[in-house]
Amino acid sequence: MASVQYDIGDLVYAAEDILNDGGMPGIDEAEGLIAPAGARGVVVHYGHSEIDPSREIYLVRFETGPDGTLGNPVGVLPEELTQDLTVDA
């Protein structure tokens with residue numbers, strides 16, 4: 001198994017738009033945007049895919065508005081995250 005890249009509590013940013021793959025309730029299927037590129041979030045848990053144990057998956061709660069409110073946890077792949085504040089949107 002691959003080593004863990006991020007730890008619980010780490011501040012991360014969406015490296016690209018995070019879109020609903022159909023598994024996130026409450027997200028408009030037509031738009032499907034969960035978090036835009038550059039959205040700030042925090043890692044709340046991590047693990048590995050059951051289908052491919054070599055694939056890490058992080059549960060991240062992204063900010064959902066200007067007040068810093070955190071949304072529901074979202075499963076995200078490592079390549080969809082960065083700790084670099086300057087993300088090309």
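Because the structure is predicted, anything quoted here is derived from the model rather than measured.
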(message) Between Thr82 and Asp84, is the side-chain hydrogen bond (donor to acceptor under 3.5 Å, both in side chains) condition met? List the steps.
(response) CA-CA 5 Å; Thr82 184; Asp84 184 2; 5.1 Å; no

(request) Could you walk me through whether Asp7 and Val43 pass side chain to side chain contact (heavy atoms under 4.5 Å, CB included), step by step? (result) CA-CA 7 Å; Asp7 287 317; Val43 175; over 6 Å; no

(request) Would you check, one step at a time, whether the test side chain to side chain contact (heavy atoms under 4.5 Å, CB included) holds for Tyr6 with Leu81? (result) CA-CA 9 Å; Tyr6 301 109; Leu81 297 173; 3.9 Å; yes

(message) Evaluate Asp10 against Gln83 for side chain to side chain contact (heavy atoms under 4.5 Å, CB included), listing each step before the verdict.
(response) CA-CA 9 Å; Asp10 281 355; Gln83 287 185 309; 3.8 Å; yes

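Under the 4.5 Å side-chain heavy-atom criterion for Ile, Leu, Val, Met, Phe, Trp and Tyr, Tyr58 and Ile8 are members of the same hydrophobic cluster.
A donor-acceptor pair is defined here as one N or O able to donate and one able to accept, closer than 3.5 Å; no such pair exists between the side chain of Tyr46 and the backbone of Gln5. Thr64 contributes a side-chain N or O that, together with a main-chain N or O of Thr69, makes up a donor-acceptor pair within less than 3.5 Å.
For Glu50, the salt bridge (charged side-chain N to carboxylate O under 4.0 Å, His left out) test picks out no residue, with sequence neighbours left out.
Leu70 shares a hydrophobic cluster with Val42, Val44, Leu59; the chain of contacts runs through ILVMFWY side chains whose heavy atoms sit under 4.5 Å apart.
Residue Pro36 comes nearest to Ala14 through the heavy atom pair O-CB, 3.5 Å, listed as atom of the first residue, atom of the second, then distance. In this structure, Asp52 and Ser54 approach most closely via the heavy-atom pair OD1-OG, 2.6 Å.
The salt bridge (Lys or Arg N to Asp or Glu O under 4.0 Å) pairs that include a residue from residues 60-82 are Arg40-Glu63, Arg55-Glu79, where partners are two or more places apart or lie in different chains.
Between His48 and Ile57 there is no side-chain heavy-atom pair separated by less than 4.5 Å. Using a 4.5 Å heavy-atom threshold, the side chains of Leu19 and Ile34 count as separate.
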